[in-house]
Amino acid sequence: MIPQSFEYHVPRTLEEASRLAAQFGADGKFLAGGHSLIPMMKLRLAAPKHLIDLTCLRDLAYIREEGEHVRIGALTTHFRIESSALLKEKCPLLPETAREIGDVQVRNRGTIGGNLAHSDPAADWPAAVLALEAELRAVSPRGERGMAAKDFFVDLMTTALASDEVLVEIKVPQLGHGTGAAYAKLHHPASGYAMVGVAAVIALRDNGAVERAAVGITGVGPKAYRAFAVETALHGKPATQAHLNAAAAHAAEGVDVNADLYASAEYRSHLARVYTRRALEAAVKRARAAATA
Amino acid sequence: MKIRMNVNGNWREDDVEPRTLLVHYLRDVAGLTGTHVGCETSICGACTVLLNQEAVKSCTVFAVQANGAQVTTIEGLAREGKLHPLQQSFWEEHGLQCGFCTPGMILVAHQLLCRNPHPTQEEIRKGLEGNLCRCTGYQHIVKAVQSAASKMSATEPVRAVAAAG
Amino acid sequence: MATALLGERIKRKEDPRLIQGRGHYVDDIVLPGLLHLAFARSPHAHARIKSVDVTAAQAAPGVVAVYTGADLQGKVGMVPCAAGIEGLKVPEHPCLAVDEVRYVGEPVAVVVANSAYTARDAVEQVEVEYDPLPVVVDPEKALAPGAPRVHSKLADNVAFVAKLEGGDWKALEAEPGIKVIRQRLINQRLAPVAMETRGVVASYSPGEDLLTVWSSTQIPHILKTQLALMSGVEENHCRVIAPEVGGGFGSKLNVYGEEGVACYVSKALGRPVKWIESRRENLQATIHGRDQINDVEVYVRPDGKVAGLKCWIIADLGAYHQLLTPAIPTLTALMIVGAYHIPCVFVETKGVFTNKMATDAYRGAGRPEATYIIERVMDLVAAELNLDPVDVRMKNFPSPKDFPLALPTGVTYDSANYQRTLKKVLKAAGYTKLRKEQERLRKKGRYLGIGLSTYVEICAMGPSSRMPAGGWEFGSVRIEPTGKVTVLSGTSPHGQGEETTFAQIVASGFGIPYEDVTVLHGDTGVVPMGIGTFGSRTTAVGGTAIYLAVERLKKKMARIAAHKLGVKPGELEFKDGKVQTAGGEKAMRFLEVVAEAIFAKQLPPGVEPGLVEQCVFEPANFTFPFGAHLAVVEVDPDTGEVRLRNYYAVDDCGRVLNPMLVDGQIHGGLVQGIGQALWEEHVYDENGQLLTGTLMDYAVPRAHQFPWFETATTETPTRVNPLGAKGVGEAGTIGSTPAIVNAVVDALRPLGVRHIDMPLKPEKIWRVLRSASAA
């Protein structure tokens with residue numbers, strides 16, 4: 001319950017934050033909402049010597065529309081995303097995913113950037129940003145860069161971020177005409193994390209065939225992943241139940257599937273297929289509705 | 001490290017270790033023991049307080065992170081000796097037994113009603129998902145929140161707890 | 001200011017302080033000079049302690065002292081076990097391990113520091129060298145010849161074997177046409193998870209030689225006796241206070257090593273000390289519940305009449321006995337026939353040591369296991385004979401006229417009408433319609449299940465003859481000169497609401513406002529004697545003591561008033577704040593009678609001044625509440641997830657004193673019982689490592705997992721006590737678990753499913769579904 005001692009730093013600027021991170025290296029950790037890091041510190045599974053609190057960088061909490069994208073500041077809380085009228089209209093998958101994270105207190109405090117940078121293998125956001133083909137933007141003393149979501153999650157709790165890089169923005173392309181998205185999740189009965197969480201985006205052609213499918217899956221492997229095999233199986237095919245079923249069967253293909261007390265690897269693979277099918281079904285339904293709207 | 005915090009309407013200044021959790025600050029430094037610790041993994045919600053009017057688990061916030069903030073604990077909910085409608089309803093509907101989870105339950109319910117003054121039963125249950133109770137079976141808590149919702153909408157607009165400046 | 005009557009829905013006296021955060025739990029107690037304790041605990045399930053090096057910890061800034069098991073040897077008594085079972089092996093159970101550790105989380109050393117933070121830091125600097133020993137986790141493997149022994153001083157891992165037998169087995173076994181059904185039923189290990197973890201503050205004053213202990217306990221008086229014995233402070237120099245207690249569920253019906261250590265340290269240093277258990281410690285080292293393997297054989301006639309029941313119980317006791325560890329499974333044997341007239345019974349109970357935390361009383365304590373066995377048995381019989389589970393139950397119920405009913409298990413049920421509760425729950429649920437709906441849905445490939453449980457439980461513990469250390473309860477009632485009434489109870493309620501119920505008893509007895517009554521409990525310095533709160537006894541036994549004390553006082557007051565009014569005492573009644581003749585022609589105000597009694601100017605001859613009476617109530621028997629529960633579930637054919645759709649409960653706890661509190665007890669019990677059926681399971685791996693060591697892993701039920709419970713009561717009063725109340729604290733937990741399992745098995749019956757062990761996790765059900773579709 002009691003974390004180890006650390007030094008606490010409140011940088012006033014991004015540059016300062018980045019500089020501090022470079023200085024402390026492995027001894028330092030960024031602190032955003034703290035809802036991934038602080039529980040680990042209390043269990044003494046993490047004991048950083050320096051905490052660099054980013055929450056004073058208020059400029060990093062925003063949701064705005066810019067051209068074909070919505071841009072979300074990394075320090076935006078899950079709740080702001082859940083309740084954002086703009087996102088409900090422009091990118092409803094994000095509020096739908098946010099609603100499934102933790103509980104109201106966690107959503108009030110936890111941030112999308114912190115969640116993504118922590119990259120828990122059962123966190124919800126990774127599935128959504130993968131399916132939305134979002135760009136994750138980061139700043140370091142070397143400047144700013146963007147990373148495709150599919151390249152961001154490297155391994156168990158490891159991202160493509162350098163240790164002095166601060167994740168600053170999630171840039172999400174708006175869904176086009178005839179596109180639908182959905183998030184289907186089975187909650188772990190104790191932790192509330194995803195035993196399996198599947199985000200699916202489906203774009204339909206006028207003839208009802210699948211123009212584009214993007215599926216992000218969390219909770220199943222050591223890191224969240226794009227289910228390319230599912231996507232490929234759907235591409236160009238009519239979005240019939242039979243095709244959705246067949247595509248969903250590839251959900252855990254080639255993945256080193258997690259096992260725990262609540263789901264063996266075999267069962268979790270099965271869950272991945274079922275929840276992928278459900279996410280696809282819901283996304284197709286919405287895509288059809290969007291096409292006729 | 002020096003911090004300044006408005007707790008239940010009163011500003012205070014204290015020197016704390018950076019690792020001091022907000023819940024320990026409130027309990028051990030500010031002497032407000034109504035906020036309880038029930039787990040160490042941010043699951044149980046017994047430590048819920050309002051931080052700048054939003055419900056948070058005070059075991060998952062460092063006191064230094066609340067520097068400059070307004071905090072409301074269960075002790076700050078009743079005004080001028082009058083119970084808050086939620087407190088009143090928890091009493092009337094038997095929304096508590098051992099009382100250990102109750103401060104957190106009341107404050108998370110406060111958050112719920114601020115955002116959704118007329119929640120359905122399902123919305124109430126979802127709103128309580130971050131708070132564990134081992135005694136009541138939750139039904140009387142749901143009832144208490146329903147009752148508070150109707151009290152609050154009948155007599156006054158939802159009263160956000162704002163710390164006096 | 002209406003007079004509170006028994007049976008009314010009265011708001012609780014406890015609540016104003018609790019809803020404002022103004023109650024005081026142990027962690028809220030602060031004393032000048034307070035030091036903080038933290039324990040170093042074993043990471044091994046079984047190991048020899050080679051060495052404990054405390055030099056670094058001792059030298060850490062803020063650390064006052066560090067003690068090891070060796071330091072405490074001979075200075076603090078063993079952790080006590082009160083269970084009296086013939087031939088029971090009771091291994092030594094030191095407060096801090098000395099040579100060997102036998103479960104993960106066993107305390108090895110204690111750090112004393114000036115803050116909880118520094119104590120926690122220094123624990124990591126206690127260096128213990130261990131030599132791992134073979135581990136035994138599975139109780140069946142522990143019984144095998146040559147199995148590693150948990151206690152090397154004992155010949156094997158068997159703590160006791162108890163047998164219970166009744167009826168003419170020879171005749172039954174020879175009976176033609178008798179069918180034998182066999183099934184293994186596993187009742188998994190659970191964690192009680194009271195929302196407040198354990199905690200203790202011990203403060204020894206050398207001048208007065210006085211040890212004051214605040215503990216989160218259900219049994220302050222028993223704890224006082226035991227801590228006196230453990231610490232060597234004379235019992236009349238010890239005081240135990242149970243302040244607000246944040247839930248217990250049996251887990252605080254105990255005496256723990258940490259409490260003994262806290263007393264020792266405070267005495268050794270002459271300073272107050274505090275220990276607050278972390279949740280991880282709570283999951284490791286606070287007692288666990290259940291954990292039995294039950295092999296049953298049911299002897300049933302072709303018409304569905306169950307004529308005999310055999311059960312072999314393997315009870316996993318863990319590594320040591322806590323206060324009642326071995327006694328718990330014997331309650332299973334006692335209640336194994338449930339609500340049915342089964343003439344032949346045989347139960348063999350084997351208590352087995354393993355390298356795990358001790359099991360002990362957890363809400364229901366032995367009876368949930370019994371109820372689970374017999375209620376699953378009834379459904380197994382129904383399935384085997386293709387009968388409706390309702391009919392099987394009706395056929396085996398005794399008639400209401402049969403009570404009191406002596407059973408082959410050696411207990412006598414006080415009163416019941418099982419048919420009435422079952423009929424009532426069937427009506428509430430619309431049973432016939434539900435079965436039709438089930439048929440309809442089955443045709444569509446949907447799995448709806450309907451599960452029944454018609455439980456009976458044993459509570460209001462209990463007659464002293466059948467309890468380890470007294471089953472009576474103390475109550476006293478004192479009327480102050482201002483007319484306010486002070487009630488003392490030896491029970492120690494911690495959420496059940498007896499400050500309210502007891503005030504109702506007293507106010508209705510005296511005909512005075514409920515607000516004028518205050519109930520004090522949980523302080524051995526205030527309440528002279530007591531047993532405590534457990535076994536659904538507080539109202540039925542503790543309330544009766546108070547009721548009888550009120551009756552005694554009323555007799556005295558009537559004598560005094562009669563003397564004054566010139567009437568006979570028998571002509572007087574207590575009503576509306578007066579002591580008066582039936583029509584109210586002659587009357588004194590309650591307060592006037594009080595003044596007479598206390599100022600003692602004109603007392604009748606032979607009457608002592610003052611108004612204080614006490615009673616130690618000794619019940620002649622237990623009570624046996626009962627009920628009928630019905631659960632409706634739907635199983636997701638894709639994933640095996642179970643959705644609880646409806647739950648109906650009709651409970652009979654005898655006379656209801658406050659329906660709101662009865663509802664609350666039932667609801668809470670249901671959630672715990674349903675939690676066991678569907679989610680909860682405390683799991684060790686084969687090395688004895690706890691896999692469910694945080695609330696991220698151990699699934700405590702949450703609000704959104706439940707439908708609205710439809711509850712109702714019937715009232716069949718008991719004659720065991722004059723209140724007619726039986727007890728309701730555990731009924732919901734006991735009744736609900738089998739209702740859920742029966743419902744899920746019922747849902748899957750078309751697939752030929754006969755039984756699935758708890759918890760009914762989706763994966764288990766998915767596997768059943770998969771093998772059924774493969775077949």
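Just so we're on the same page: letters track the sequence lines, and every chain starts at 1. This structure is a prediction, so every number in the text was calculated from the model and none was measured. Side-chain atoms are counted along with the backbone in the values below, which use heavy atoms only and exclude waters and symmetry mates.
In this structure, chain A has heavy atoms under 4.5 Å from both the backbone and the side chain of B:Val61. Heavy atoms closer than 4.5 Å to chain B are found in the side chain of A:Leu31, but not in its backbone. Proximity to chain A (any heavy atom under 4.5 Å) is restricted, for B:Val108, to the side chain, taken from C-beta onward. For a residue to count as touching a neighbouring chain, one of its non-hydrogen atoms must lie under 4.5 Å from one of that chain's; by this rule B:Thr48 touches chain A with the side chain only. Looking at B:Glu17, the atoms closer than 4.5 Å to chain A (heavy atoms on both sides) all sit in the side chain, from C-beta outward. For B:Cys59, the parts sitting under 4.5 Å from any heavy atom of chain A are the backbone and the side chain alike.
A salt bridge links A:Arg107 and B:Glu129; the closest N-O separation between the charged side-chain nitrogens and carboxylate oxygens is under 4.0 Å. Using a cutoff of 4.0 Å between basic side-chain nitrogens and carboxylate oxygens, A:Asp103 and B:Lys57 are scored as salt-bridged.
Taking CD of A:Gln105 as the start and SG of B:Cys47 as the end, the distance is 8.0 Å to the nearest 0.5 Å. Annotation: the span from A:Phe6 atom CZ to B:Arg19 atom CZ amounts to 9.0 Å, rounded to 0.5 Å. With rounding to the nearest 0.5 Å, the separation of CG in A:Asn108 from CG in B:Leu51 is 9.5 Å. To the nearest 0.5 angstrom, A:Tyr8 atom OH is 7.5 Å from B:Asn67 atom CG.
Looking at heavy atoms from C-beta onward, B:Phe62 lies in side-chain contact with A:Met41 at the 4.5 angstrom threshold. B:Arg115 is not listed as a side-chain neighbour of A:Ser83, based on a closest heavy-atom distance of 4.5 Å or more. Using a 4.5 Å cut-off on side-chain heavy atoms (C-beta onward), A:Arg109 and B:Glu54 make no contact. Looking at heavy atoms from C-beta onward, A:Ile2 lies out of side-chain contact with B:Glu40 at the 4.5 angstrom threshold. Considering only heavy atoms from C-beta on, B:Thr41 stays 4.5 Å or farther from A:Lys42 through its side chain. A:Val104 has its side chain within reach of B:Gln111: a pair of non-hydrogen atoms, C-beta onward, lies under 4.5 Å apart. You'll find the side chain of B:Thr60 reaches within 4.5 Å of the side chain of A:Pro39, heavy atoms only.
Side chains of B:Gln65 and A:Thr55: a donor-acceptor N/O pair is absent below 3.5 angstrom, by distance only.
Within a 6.0 Å sphere centred on NZ of A:Lys29, other residues, nucleotides and ligands contribute 12 heavy atoms or fewer.
Ranked by non-hydrogen atom pairs under 4.5 Å with chain A, the options B:Thr20, B:Val64, B:Asn131 are led by B:Val64.
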